Trainee: 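Starting off with a structure, shown below.
Lettering of chains follows the sequences in order, A, B, ..., and the numbering in each one begins at 1. Only heavy atoms go into these numbers, but all of them, side chains included; no hydrogens, no water, no symmetry mates. What you see is a predicted model; the values in this text were computed from it and never measured.
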Amino acid sequence: MTNILDELQWRGLVAQTTDEAGLREALDGTLTVYCGFDPTAASLHFGNLVQLIVLRHLQRAGHRVLVLVGGSTGLIGDPRPTSERVLKTKELTAEYVARIQAQVRPFLDFEGDNPAVVVNNLDWTAPLSALDFLREVGKHFRVNQMIRKEAIAARLESQEGISYTEFSYQLLQAMDYLHLYREFGCTLQTGGQDQWGNLTAGVDLIHRAEGGSAHVLTTPLITDENGEKYGKSAGNAVWLAGDMTSPYAFYQYWINVADSEVAKLLRVFTDRDRDQIAALEESAQERPHLREAQRALAADITTLVHGAGATAQVEAASQVLFGRGDPATVDAPTLRDATAELPGADVEDGSSVVEALVATGLADSKGAARRLIGDGGVSVNNVKVGDVDQVLGDADFLHGSVALLRRGRKHLAAARKVL
RNA sequence: GGCAGGUUGUCCGAGCGGCCAAUGGAAGCGGACUGUAAAUCCGUCGGCGUAUGCCUACGCAGGUUCGAAUCCUGCACCUGCCA
């Protein structure tokens, strides 16, 4: 059997590791790995998904997985190179922690004989006094070294500077690694490439405090062919929470990836093996119009994040919305399901198309809406709108309830009639 | 501390008393072509509006003027040269 590290490398999930030979050897046995997720928002996002995938692979390879949700680190904030963060309240952070703890569950096995464990660093950080922290943890760190970290160096250069609070962040994260090393024998921490400094700070601390050795594995930033970060849809983050990015929008995000990128993304985000991915890659080259690779990618990831039921629904909805058929011929329940996840708004019978476009968010302003219609970029129920003053009448509300507005090729919204 | 230059729309970057909602490029958005792809070409790109109309905008605060992004004063920040 090949080493899991080879598998991760083949999938493009490894940017950098400490002592690769040593790590490879450790992975031949069984180790305990952890990855931390700070509760900076009410949901994990695209970037965190990569980390969850790595943990998933490692758990399947027989390693023990600890998922750390950062109840304490989230209160402090990892310094960004650009500007100081605004502190979140303890209540809000606790709320995010609870949401994220629940959110990671589908990705890992929490039952069985090798269950993943969720830990919260607030449990061991909160009881620690400032004096003990300074004496036991702080003493192991040299400021000289800390200020060399990229994010911190950038902030020291900046007009704004950096608060003592954020400066301390790396000590907290390092302390987490030490704690998990002691309590669980954890010897591997994974994270994004930008976390390298924080991760290795933990390795150093384990070495200084315990004389032990531990590993770090970082994942590359996933970028497209232009070097742009993935995970932004129309400028907004792609969230894993269905109430923040709908399963429909999530699926659509993936179905739209470029041909040249799809094989790479299949390797990173799906469980498909080399043969399957090779076949899909070939399909993308030979029969690109079928979009088989994109469909597989979108279906696999949507299923992983939202479940098979959600995937079936959004596939059906996509079929209705992007198929060639006339939406008027779709039966009422199917239409309702297909439009359920679209952005929508309630409109009066007799409202203008312009008003409906603004109400549903397809256009930013009435002026923009008029422009779009003038450019021929708007359709109602797949029929192009030719007149800027066109209104939505009875016939436009399919099954008496909803009109399907489209801007451009792929932006849809539901205008629901107010009864 | 001294001297010089800069701060313009999402970003870069012109404008240097009226013709400026502000040249040009990028991003974005729409159209054509396609495959809900890329590339290319075309259009569009502050808000309201039927409008030759109104509002908001050229670092911040004042001032001069019939009229200022453009001139003057003060303030903040940035850059270069000298100490």
Trainee: Among residues at least two apart in sequence or on other chains, which ones pass side-chain hydrogen bond (donor to acceptor under 3.5 Å, both in side chains) with Q101(A)?
Mentor: none

Trainee: Among the nucleotides rC48(B), rC29(B), rG31(B), which one has an atom lying closest to any side-chain atom of K384(A)?
Mentor: rG31(B)

Trainee: Using the P atom as the point on both nucleotides, what is the distance between rU10(B) and rG6(B), in whole Å?
Mentor: 23 Å

Trainee: In this structure, how many angstroms lie between the P atom of rG31(B) and the NE2 atom of H411(A), rounded?
Mentor: 10 Å

Trainee: Could you tell me whether the phosphate oxygens of rG30(B), OP1 or OP2, come under 4.0 Å of any side-chain nitrogen or oxygen in R407(A)?
Mentor: yes

Trainee: Is E261(A) salt-bridged to K264(A), cutoff N-O under 4.0 Å?
Mentor: yes

Trainee: Determine the Euclidean distance between corresponding C1' atoms of rC71(B) and rC58(B); express it in Å to zero decimal places.
Mentor: 16 Å

Trainee: Residues two or more places apart in sequence or in another chain: which of them pass ring-ring contact (aromatic ring centres under 6.0 Å, His included) with F269(A)?
Mentor: F46(A), W254(A)

Trainee: What pairs of residues pass the ring-ring contact (aromatic ring centres under 6.0 Å, His included) test when at least one of them lies in residues 331-376 of chain A, not counting sequence neighbours?
Mentor: none

Trainee: Distance between the C1' atoms of rU8(B) and rA21(B), in whole angstroms?
Mentor: 12 Å

Trainee: Once side chain to side chain donor-acceptor pair (under 3.5 Å) is applied, what residue pairs with a partner in residues 131-143 of chain A remain, sequence neighbours excluded?
Mentor: S129(A)-D132(A)

Trainee: Could you list the protein-to-nucleotides 35-37 of chain B atom pairs, N/O on both sides, closer than 3.5 Å?
Mentor:
unit_1	atom_1	unit_2	atom_2	d
rG35(B)	O6	D259(A)	OD2	3.2
rG35(B)	N1	D259(A)	OD1	3.4
rG35(B)	N1	D259(A)	OD2	2.5
rG35(B)	N2	D259(A)	OD1	2.6
rG35(B)	N2	D259(A)	OD2	3.4
rG35(B)	N2	R291(A)	NH1	2.9
rG35(B)	N3	R291(A)	NH1	3.2
rU36(B)	O2'	N256(A)	OD1	2.2
rU36(B)	O2	Q252(A)	OE1	2.8
rU36(B)	O2	N256(A)	ND2	3.4
rU36(B)	N3	Q252(A)	OE1	2.9
rU36(B)	N3	Q252(A)	NE2	3.3
rU36(B)	O4	Q252(A)	NE2	3.4
rA37(B)	OP1	K410(A)	NZ	3.1
rA37(B)	O4'	R291(A)	NH1	3.3

Trainee: Would R406(A) pass as a cation-pi partner of F322(A), given that its NZ or CZ must be under 6.0 Å from the six-membered ring centre and within 45 degrees of the axis?
Mentor: yes

Trainee: Suppose you measure atom C1' in rG47(B) against the same atom in rG9(B); what distance do you get, rounded to whole Å?
Mentor: 13 Å

Trainee: Would you list the pairs meeting ring-ring contact (aromatic ring centres under 6.0 Å, His included) in which at least one residue belongs to residues 280-321 of chain A, sequence neighbours left out?
Mentor: F250(A)-H306(A)

Trainee: Dot-bracket for RNA chain B, please. Rules: Watson-Crick or G-U, both distances under 3.5 Å, ( ) within the strand, [ ] when a pair crosses earlier ones, | for another strand, . otherwise.
Mentor: ((((((((.[[[..)..(.....]]].(((((.......))))).(((....)))...[[[[[..)....]]]]]))))))).

Trainee: For rA22(B) versus rG15(B), give the span between their C1' atoms, rounded off to a whole number of Å.
Mentor: 8 Å

Trainee: Between rC60(B) and rA76(B), how many Å separate the two P atoms, rounded to a whole number?
Mentor: 15 Å

Trainee: Strictly under 4.0 angstrom, non-hydrogen atoms only: write out the protein contact profile of nucleotides 49-58 of chain B, one letter per nucleotide from the 5' end, B, S or -.
Mentor: SS--------

Trainee: Which heavy atom of T190(A) sits nearest to which heavy atom of C35(A), and what is that distance?
Mentor: OG1-CB, 3.3 Å

Trainee: Sequence neighbours left out, cut at 3.5 Å: what donor-acceptor pairs do the side chains of residues 360-375 of chain A make with other protein atoms?
Mentor:
unit_1	atom_1	unit_2	atom_2	d
T360(A)	OG1	A356(A)	O	2.8
T360(A)	OG1	L357(A)	O	3.2
S365(A)	OG	A368(A)	N	3.1

Trainee: Please name all residues satisfying side-chain hydrogen bond (donor to acceptor under 3.5 Å, both in side chains) with T311(A), sequence neighbours left out, ordered by chain then number.
Mentor: T303(A)

Trainee: Just jot down the ring-ring contact (aromatic ring centres under 6.0 Å, His included) partners of Y34(A), sequence neighbours excluded, or say none.
Mentor: Y177(A)

Trainee: Rounded to whole angstrom, note down the P distance from rC12(B) over to rG59(B).
Mentor: 13 Å

Trainee: Give a yes/no on whether any side-chain N or O of S365(A) is located under 4.0 angstrom from OP1 or OP2 of rC48(B).
Mentor: yes

Trainee: How many Å lie between CZ on R371(A) and P on rC45(B), as a whole number?
Mentor: 5 Å

Trainee: Which pairs count as side chain to side chain donor-acceptor pair (under 3.5 Å) when at least one residue sits in residues 60-72 of chain A, sequence neighbours excluded?
Mentor: T32(A)-R64(A), R60(A)-D271(A), S72(A)-N121(A), S72(A)-T125(A)

Trainee: Whole Å only: how far is the CG atom of L357(A) from the P atom of rG30(B)?
Mentor: 12 Å

Trainee: Atom CG of D375(A) and atom C1' of rC29(B): how far apart are they, to the nearest Å?
Mentor: 9 Å

Trainee: Would you measure the distance from the P atom in rC55(B) across to the matching atom in rA4(B) and give it in whole Å?
Mentor: 40 Å

